[in-house]
Number of protein chains: 2
Amino acid sequence: MAATSGAGRPEKRKAITRAATAVFGREGYVRASMDAIAAEAGVSKRTVYNHFADKETLFLSVALESSGELTEKIRDLVDRHLGKIVDLRQDLTDFAVDRARAVLSAGDHGALGRAIRAEVANIPADVLEAWLEAGPVASLRDLAERFEALAGRGLLVVDDPALAAEQFTLLTFHGVAERSFWGAVPVPDEEVGRIAALGVDAFLKIYGAPAAG
Amino acid sequence: MAATSGAGRPEKRKAITRAATAVFGREGYVRASMDAIAAEAGVSKRTVYNHFADKETLFLSVALESSGELTEKIRDLVDRHLGKIVDLRQDLTDFAVDRARAVLSAGDHGALGRAIRAEVANIPADVLEAWLEAGPVASLRDLAERFEALAGRGLLVVDDPALAAEQFTLLTFHGVAERSFWGAVPVPDEEVGRIAALGVDAFLKIYGAPAAG
DNA sequence: GTCTATAATGTGATAGAC
DNA sequence: GTCTATCACATTATAGAC
């Protein structure tokens, strides 16, 4: 906290973090320059250093922030698609498609996630853990809770909800993530839909309730 | 070819590519310096530039080379573990564990794969395609062929061997790859084994022959 | 091997805006 | 008065040419 904050107007700080998110996502940590971030934020470089101690602090700060925001976005998708089940297969597929889009679409937080994954060897262990906890791990937990509820209603047969959530994510999301290199290379919408549908097929073979076939 | 080759002893060239693989893998593309590569190869920087036009050419060259070598390694594992099936579940699990180790173990080609994934936005499309074709896509095809053979012998029920190979890889490998950030963060052996076993469980629920239970 | 050109981070100093 | 923009600056590191 003490290192990241300081004096200054909050609006400036917001402009800086938004610019940093964009530039780090576009260029990656090493290539991104503080000059470029300052320019994109419309402030002077001095002002950036007034708000953030150094480049690394700025990067880790926006990484954590962005991680939490993406988790909230995904939580909304979980609620929207898996809150009230109409057609389980369809709802799961829709969720898979929307999540892939939310994480991997170009302009968004996904680009920063790519930068973080690229820099992971240079990120302090405790910060990395905090990022995981605010991001991927939290989303997995949200999904696991939902699966547990669905199992309670007899729609799924699930022993270990955390495992089911992870395997659902692997089958419906990681194939797209890998193919698009976490959003760096575009994947056509129809391809995303196809992969999601096939992933849900496989998932339901593992965890589907026999009644629903 | 013309850009990557030149005069000079082949032994020097080999030393350079080996050093470049190590340094690029350790530091990533941007951070790696040509000085460090020359030093690690035990040659002068001038010699490096005699063999490779520039930094980018050197990187792309070792990327392709390493991709092919890793594919061969994995092909050996496919043959060893899935050539003669003794206990299908056990053989699949052993293969999954060995592959994860081969790709993600620290000193190996896996580190370079991480660097490539980090740089993917700056890699020319045709080179990226060649890298995919020599690496991940080729390995997937090898595995698909093997699954098709196993299906022919009644050990698996497989409609689409390519899909089965991809889903096997997702279930048994990508969970570890993601958790370790493609080898940047170590994952305990027992955790790798646990994930592999759970992945094979799921895979056999989808594709297992009913006879074998 | 040496040298040049370039570009990066982070630091002052000063003068102006809210 | 406090925060800001502008400019200049020292330091360091790099790619690549001679």
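Quick note on labels: first sequence line is chain A, next is B, and so on, each numbered from 1.
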Check the orientation of A:His174 and A:Trp182. Use parallel for under 30°, tilted for 30 to 60°, and perpendicular for over 60°.
perpendicular
For B:Tyr29 and D:dT14, what is the distance between atoms OH and C1' respectively, to the nearest whole Å?
12 Å
Taking only side-chain N and O atoms of A:His51, does any of them lie within less than 4.0 angstrom of OP1 or OP2 on D:dT4?
yes
State, to 0.1 Å, how close B:Leu150 and B:Leu82 come at their nearest heavy-atom pair, and which atoms those are.
CD2-O, 4.5 Å
Restricting to nitrogen or oxygen on both sides, can you table the protein-nucleotides 14-16 of chain C pairs closer than 3.5 Å?
none

First of A:Met34 and A:Arg46 reached from the 5' end of DNA chain C, by closest nucleotide
A:Met34
Please report, rounded to the nearest Å, how far the C1' atom of D:dA15 is from the NZ atom of B:Lys45.
6 Å
Would you kindly give the CZ-to-P distance between A:Phe59 and C:dG10, to the nearest whole Å?
14 Å
Between C:dT9 atom P and B:Arg31 atom CZ, what is the distance in whole Å?
12 Å
Distance, rounded to the nearest Å, where A:Lys55 contributes NZ and C:dA7 contributes P
15 Å
Does A:Thr57 use its side chain to pair, donor to acceptor, with the backbone of A:Phe52 at less than 3.5 Å?
no
Name the orientation class of the two ring planes belonging to B:Tyr29 and B:Phe24 (parallel below 30°, tilted from 30 to 60°, perpendicular beyond 60°).
parallel
To the nearest angstrom, how far is A:Tyr49 atom OH from C:dA13 atom P?
18 Å
Starting at atom CD of A:Glu27, determine the distance to atom P of C:dA8, rounded to an integer number of angstrom.
10 Å
5' precedence on DNA chain D between A:Ser44 and B:Asp35 (nearest-nucleotide basis):
A:Ser44
Under the criterion ring-ring contact (aromatic ring centres under 6.0 Å, His included), which of B:Tyr207, B:Phe203, B:Phe95 is the partner of B:Phe147?
B:Phe203
Quick one: A:Asp54 CG to C:dT9 P, roughly how many Å, whole number?
11 Å
Rounded to the nearest 0.5 Å, what separates atom OG1 in B:Thr93 from atom NE2 in B:His81?
10.5 Å
By the 4.0 Å heavy-atom rule, please label A:Ser33 as base, sugar-phosphate, or nothing.
sugar-phosphate
Is the phosphate of D:dA5 approached by A:Lys12 (side-chain N or O, under 4.0 Å from OP1 or OP2)?
yes
What does A:Ala32 touch in the nucleic acid at a heavy-atom separation under 4.0 angstrom: a base, only the sugar-phosphate, or nothing?
sugar-phosphate
Report the C-alpha separation of A:Leu88 and A:Leu156 in whole Å, then their side-chain angles, then the decisive distance to 0.1 Å, and conclude whether the side chain to side chain contact (heavy atoms under 4.5 Å, CB included) test is met.
CA-CA 9 Å; A:Leu88 180 62; A:Leu156 292 174; 3.9 Å; yes
